[in-house]
Q: 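Quick one: this structure, given as C-alpha cells, is what I'll be asking you about.
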2 protein chains.
Amino acid sequence: MFNQKKKFQEYLKSKSLAFSKERKIILDEVFSTSGHFEAEDLLFSLRKKKKRVSRATVYRTLDLLVKSGSVSKINFGEAHSHYEHILEQEYHGHLVCLKCGKIIEFENEKIGKLKNEEAKRNNFQIMRHSLEFYGYCSRCRK
Amino acid sequence: MFNQKKKFQEYLKSKSLAFSKERKIILDEVFSTSGHFEAEDLLFSLRKKKKRVSRATVYRTLDLLVKSGSVSKINFGEAHSHYEHILEQEYHGHLVCLKCGKIIEFENEKIGKLKNEEAKRNNFQIMRHSLEFYGYCSRCRK
DNA sequence: TTAACAATTGAGATTCAGTCTCAATCTCAA
DNA sequence: TTGAGATTGAGACTGAATCTCAATTGTTAA
Ligand SMILES: [Zn+2]
Ligand SMILES: [Zn+2]
Ligand SMILES: [Zn+2]
Ligand SMILES: [Zn+2]
C-alpha cells in the first residue's frame, strides 16, 4: 500500500508529471478505502469531506493510477468500471454473486501457471489478467 | 453451433416466448459470424443486408441469447461489450493485445481445476467465468 | 526577474452504449 | 372473435466517461 503510493509518485516523476494537490487528495482517498470502489463513489466521498476535486480530474487521475500500475480497473459485467488498489497478491481473481452482488476475492497460484503456459504457447507478453467467476454465493443459492 | 441455435429456441419455448421473425434474423446473423462481434456491428450488418431490425430488438435479443446460454457477453476493458456464440470449448479464455487489439482464444483445462477449487473453498456455485490476459502479441512486442 | 511554455484544473458540453417508453401490431388460446 | 400478453420500432432518455477550453499553476531559459 505504502509501496503503491510511492510507485505512483515515481511514475509521475518518470513522465515529468506533477504530484499536484488534487492528485495527492485522490491518491490518499484511494488508499484509504479497502477493497473495490467505483469512480463516482470516490468522487462523492471527497465531496462529503469537502475536498473538492472535479469529476474530470478524478477520472484522469484514476487513469494515471492504472497506468502507473498501482491501481487496477475491473469490470464485473456492469455498465461502469470498478477499481481497486493493487495488493501484494499477484494471482488474484473474483467470485461475483449474480444475486446479491457480493464479491469474494481469491488468490490462486494456478493463475500464474496458466499465464505462463498461454504466454509461451501463443508467444504473448502478458502484462496483467482479469479473472472472474460468476455464480451464487452460499447465502443466495437455494 | 447447430445445438446452440436449438438451445435458444428451446429456451424461448420454456419461457413461452415467441421465436419471432426478428429473433430468427438475429439468431442467424449471430451464428453466421465467426468469433467475436459487437452489438452495433451486428446491427450494421443487418442494415447492409436490408434486414431491418431495430436497435432495441437487437439488444433485447442479445440479452435473451445470453440468458439462454448460447451466446456470451464479454468485456475487453472497453466501454462497450463484445459477444460471441458459445463453442464447445468449456474452459476458454482470451489473450488481448493492448497495442493492435488482436484477440487470441485459448482453451485450457486448468481453468476447470481452478473453478472447482475456488467453488469448493468459498462455497460458491459457479455458473460461468471470464478470463482475459492483457499484453502484447508477437508482432507488437518490440 | 521576466517571458515563454507546458502541465493542470474545473465547469459544463458532448459522446456513446445501452435502456426505456409507449403506441401499434402480432399471437394464440378460449 | 375477443382479449391478454408478447413483440416491435422510433425516438427519448440515462449514466458513465470523455472532451473542450479558458483560467491557473508550475517550470525553464534568458
Ligand atoms: Zn449472494
Ligand atoms: Zn479484488
Ligand atoms: Zn498486437
Ligand atoms: Zn472467445
Side-chain angles (χ1 to χ4, degrees), chain A residues 8-30 36-47 49-68 71-84 101, chain B residues 8-30 36-47 49-68 71-84 101:
Chain A
F8 179 54
Q9 293 183 55
E10 313 259 285
Y11 174 80
L12 293 177
K13 195 172 289 176
S14 79
K15 298 280 179 183
S16 316
L17 300 174
F19 185 45
S20 66
K21 187 172 113 292
E22 291 80 2
R23 288 179 183 158
K24 181 171 186 337
I25 288 173
I26 293 165
L27 177 67
D28 287 344
E29 186 64 25
V30 164
H36 312 93
F37 61 94
E38 303 174 16
E40 296 293 317
D41 291 346
L42 180 56
L43 185 63
F44 281 98
S45 312
L46 292 178
R47 295 249 162 112
K49 297 181 185 171
K50 307 284 183 202
K51 301 192 176 182
R52 197 147 251 288
V53 179
S54 73
R55 167 173 282 108
T57 297
V58 165
Y59 279 99
R60 286 189 286 231
T61 304
L62 284 171
D63 276 355
L64 289 173
L65 282 160
V66 169
K67 279 186 193 138
S68 78
V71 163
S72 58
K73 189 174 180 175
I74 325 162
N75 183 286
F76 291 131
E78 294 178 291
H80 61 279
S81 294
H82 291 240
Y83 295 85
E84 69 182 348
Chain B
F8 179 54
Q9 294 183 54
E10 312 260 287
Y11 174 80
L12 292 178
K13 194 172 292 177
S14 80
K15 298 279 178 183
S16 315
L17 300 174
F19 185 44
S20 67
K21 188 171 115 291
E22 291 81 2
R23 289 179 182 160
K24 181 171 186 340
I25 289 173
I26 294 165
L27 178 68
D28 287 345
E29 186 65 23
V30 165
H36 312 94
F37 61 93
E38 303 173 15
E40 295 294 319
D41 290 347
L42 180 58
L43 186 62
F44 200 69
S45 313
L46 292 177
R47 295 251 160 110
K49 294 181 184 168
K50 310 281 184 205
K51 300 190 175 182
R52 199 148 249 289
V53 179
S54 73
R55 167 173 283 106
T57 297
V58 165
Y59 279 99
R60 285 189 286 230
T61 305
L62 283 172
D63 277 355
L64 290 174
L65 281 159
V66 169
K67 279 186 193 139
S68 79
V71 163
S72 58
K73 190 173 180 177
I74 324 163
N75 183 284
F76 290 132
E78 294 178 292
H80 59 279
S81 294
H82 291 241
Y83 295 84
E84 70 182 348

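Within every chain, numbering begins at 1; the chains are lettered A, B, ... in the order of the sequence lines, protein sequences first and strands thereafter.
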Q: If every non-hydrogen atom of A:E78 is compared with every non-hydrogen atom of A:N75, which pair is closest and at what distance?
A: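 Answer, listing the atom of A:E78 first, then A:N75: O-ND2, 3.4 Å.
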
Q: Taking the six-membered ring for Trp, are A:F19 and A:F8 parallel (under 30°), tilted (30 to 60°) or perpendicular (over 60°)?
A: perpendicular

Q: Round to the nearest Å and state the distance from B:F44 atom CZ to C:dA17 atom C1'.
A: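 Rounded to whole Å, this separation is 17 Å.
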
Q: Do A:E40 and A:H80 have side-chain N/O donor and acceptor atoms under 3.5 Å apart?
A: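 No, no side-chain donor-acceptor contact under 3.5 Å.
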
Q: With the side chain of B:Y59 defined as its heavy atoms from C-beta on, choose the nearest nucleotide among C:dA17, D:dA16, C:dT9.
A: C:dA17

Q: Can you tell which of C:dA17, D:dA17, D:dT7 lies closest to the side chain of A:A39?
A: D:dA17

Q: In this structure, how many angstroms lie between the P atom of D:dT7 and the CD1 atom of B:I25, rounded?
A: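 To the nearest whole Å, that distance equals 15 Å.
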
Q: Can you tell me which nucleotide in C:dG18, C:dG10, D:dA16 comes closest to the side chain of B:S81?
A: C:dG18

Q: Can you tell me the distance, in whole Å, between the NZ atom of B:K24 and the P atom of C:dC26?
A: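 Distance, rounded to whole Å: 20 Å.
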
Q: So what does A:R52 touch, heavy atoms closer than 4.0 Å: a base, only the sugar-phosphate, or nothing?
A: sugar-phosphate

Q: Between A:R47 (CZ) and C:dA11 (C1'), how many Å, whole number?
A: 11 Å

Q: Counting the atoms with a prime plus P, OP1 and OP2 as sugar-phosphate, which does A:S16 contact under 4.0 Å by heavy atoms, base, sugar-phosphate, or nothing?
A: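 Nothing, no nucleic acid heavy atom in range.
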
Q: Quick one: which of C:dA17, D:dA16, C:dA7 gets closest to the side chain of A:L17?
A: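 So the side chain of A:L17 is nearest to C:dA7.
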
Q: So if I take every side-chain heavy atom of B:R23 and compare against C:dG10, C:dG18, D:dT7, which nucleotide ends up nearest?
A: D:dT7

Q: Under 4.0 Å between any heavy atoms, over every strand shown, what does A:A56 touch: base, sugar-phosphate, or nothing? Just pick one.
A: base

Q: Give the rounded distance in Å between these two atoms: CG of B:D63 and P of C:dG18.
A: 10 Å

Q: Please determine, for the side chain of B:A18, which listed nucleotide (C:dT8, D:dT7, D:dG9) has the closest atom?
A: D:dT7

Q: Suppose we define a pair by two distances each less than 3.5 Å, Watson-Crick or G-U wobble; what does C:dA29 pair with here?
A: D:dT2

Q: Taking any strand in view, what nucleotide pairs with D:dA16 in a Watson-Crick or G-U wobble way, both distances under 3.5 Å?
A: C:dT15

Q: Is the distance from OP1 or OP2 of C:dG10 to the nearest side-chain N or O of A:T57 less than 4.0 Å?
A: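 Yes, A:T57 has a side-chain N/O under 4.0 Å of OP1/OP2 on C:dG10.
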
Q: Can you tell which of D:dT18, D:dT8, C:dG18 lies closest to the side chain of B:R55?
A: C:dG18

Q: Roughly how many Å is it from NZ in B:K21 to C1' in D:dT7, rounded to a whole number?
A: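 Roughly 11 Å, once rounded to whole Å.
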
Q: Would you kindly give the CD-to-C1' distance between A:E40 and D:dT14, to the nearest whole Å?
A: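 Going from A:E40 (CD) to D:dT14 (C1'), I get 13 Å.
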
Q: When the distance from CZ of A:F37 to C1' of D:dA16 is rounded to whole Å, what number comes out?
A: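 For the pair A:F37 CZ and D:dA16 C1', the rounded distance is 15 Å.
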
Q: What orientation do A:F37 and A:Y83 show, parallel under 30°, tilted 30 to 60°, or perpendicular over 60°?
A: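 If you compare the ring of A:F37 with that of A:Y83, the planes turn out parallel.
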
Q: Counting N and O atoms only, with roles assigned by atom type, does the side chain of A:R23 sit under 3.5 Å from a partner on the main chain of A:A18, one being a donor and the other an acceptor?
A: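 Looks like yes, one N/O pair under 3.5 Å.
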
Q: I want to check one thing: is the phosphate of D:dA6, taken as OP1 and OP2, less than 4.0 Å away from some side-chain N or O of B:S20?
A: no

Q: Between the side-chain atoms of B:R60 and the base atoms of C:dG18, is any donor-acceptor pair under 3.5 Å?
A: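 It does not, because no donor-acceptor pair links the side chain of B:R60 to the base of C:dG18 below 3.5 Å.
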
Q: Let me confirm one number: the OG1-NZ distance from A:T61 to A:K67, rounded to the nearest 0.5 Å.
A: 11.0 Å

Q: Considering only side-chain heavy atoms of B:E22, which listed nucleotide, D:dG9, D:dA17, C:dT8, is closest?
A: D:dG9

